[in-house]
Amino acid sequence: GSEKEQKQDSIPQTPAPSSPAAAGGRVNATFVTLARNGDVWELAKSIRQVEDRFNRNYHYDWVFLNDKPFDETFKKVTSALVSGNTFYGLISKEHWSYPEWIDQDKARKVREDMGQRKIIYGDSESYRHMCRYESGFFFRHPLMLNYEYYWRVEPGIELYCDIGFDPFRFMKENDKKYSFVLSLYEYYETIPTLWDSVKKFMENHPEHIAEGNSIGFLSDDGGKTYNKCHFWSNFEIGNLDWLRSEAYLDYFDSLDKDGGFFYERWGDAPVHSIAAALLLKKEQIHFFNEIGYYHVPFTHCPTGEKTRLDLKCHCNPEDNFDWKGYSCKFAVVVWKDLFVTNGSHPGTS
Ligand code: GDP
Ligand code: MN
């Protein structure tokens with residue numbers, strides 16, 4: 001609208017080296033952030049970096065979602081920072097509450113027990129609703145329904161390098177459905193029966209398991225056990241139609257029925273990652289080396305000095321987590337041909 005046009009006039013736009021948005025036009029895509037009102041200042045930092053490093057040249061939309069109404073400060077601050085249109089969505093009770101088959105007493109006892117065992121977020125009820133929402137519902141929010149691709153951004157992240165190409169367009173043109181920058185091992189205590197649940201799904205729905213999938217990223221023994229590798233889902237660029245597909249929804253429903261979002265503390269990262277590895281062909285998953293990224297406590301700093309200099313990265317390559325002990329990069333390396341070398345785009349050198 002006219003308000004947005006005025007705003008863009010008043011924001012000094014650094015001229016892009018070669019007006020990339022103009023070259024190909026935008027893809028049908030949006031940034032998406034789940035946040036609380038209290039996250040506003042940490043989120044402001046994230047938005048500013050996403051804008052400076054990428055979106056000021058593209059003006060993609062940004063959807064904000066919350067289980068409580070956003071306040072005026074949140075809306076004012078974020079809409080001033082985003083160069084595209086901003087939308088603020090309230091999450092329906094139906095998508096942020098206990099399904100009827102969950103025994104809430106049992107869930108409460110689990111939280112008490114996991115709290116005593118000092119398992120990260122083990123005692124938190126809201127964190128469980130958050131993980132279940134990110135696993136099964138954000139892509140079905142009415143504000144998300146008209147988009148084809150999403151880019152998830154969390155409060156407090158950093159982007160270390162210029163993004164000299166449009167990752168959304170890259171995803172679309174190369175038929176990628178899911179992408180990541182960091183992979184690591186999940187805490188076993190949060191997912192003890194997740195793989196049992198996944199195996200049950202695989203047995204019940206063989207029709208959804210992709211030919212040429214990447215089960216080898218998840219399991220070192222041919223599918224018997226889960227090696228706990230997952231893509232870190234606080235950064236994600238993905239295809240929404242895939243998440244809304246029958247295959248993904250059957251997968252989510254099957255897991256949800258088993259109750260592990262509440263009786264354990266299943267994270268959306270392993271849930272998304274396992275789905276990507278089983279339901280997609282390996283070529284449909286992409287590793288973005290050239291996107292320098294930080295979310296406490298891990299850094300992905302692009303490999304290759306030329307890449308870092310060309311993209312004006314400000315990360316210390318020694319902080320790169322890819323090769324450290326707790327990283328699952330080893331598994332990614334084994335699968336390198338599949339995740340890294342498929343498709344090339346400007347910014348890869
Ligand atoms: P961590 O990255 O696993 O430590 O978890 P975060 O605290 O960063 O939460 C993940 C994402 O969900 C962030 O974008 C948070 O802003 C958001 N989030 C977490 N809990 C809630 C909640 O109770 N309500 C809302 N609206 N957002 C939440
Ligand atoms: Mn976070």
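Below, each value reflects all heavy atoms present in this structure, side chains not excepted, and no hydrogens, waters or symmetry copies. Everything numeric in this text was worked out from a predicted model, so none of it was measured. Position 1 is the first residue of the sequence, and the numbers go up from there. Each ligand, and each atom within it, is numbered from 1 in the order the structure gives.
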Between Y293 and E158, is any side-chain donor less than 3.5 angstrom from a side-chain acceptor? no
For C315 and C301, is the interatomic SG distance under 2.5 angstrom? yes
With a 4.0 angstrom cut-off on heavy atoms, strictly below it, pick out the residues next to ligand 1 and order them by chain and number. L34, A35, R36, D39, N66, D67, W96, Y121, S126, Y127, M130, E154, P155, H295
Considering only N, O or S atoms of E154, the one closest to the Mn ion (ligand 2): OE1
N, O or S atom within H295 nearest to the Mn ion (ligand 2), by name: NE2
Take the angle between the ring planes of W151 and F31 and call it parallel below 30°, perpendicular above 60°, tilted in between. tilted
Between H208 and D250, a side-chain donor and acceptor under 3.5 Å: yes
For a 4.5 angstrom cut-off between non-hydrogen side-chain atoms, does F64 reach F74? yes
A cation-pi test, strictly: NZ or CZ of K176 under 6.0 Å from the centre of the six-membered ring of F170 and no more than 45 degrees from its axis. Yes or no? no
Pair F87, W62 - check side-chain contact (heavy atoms from CB on, under 4.5 Å), show working. CA-CA 6 Å; F87 301 94; W62 204 307; over 6 Å; no
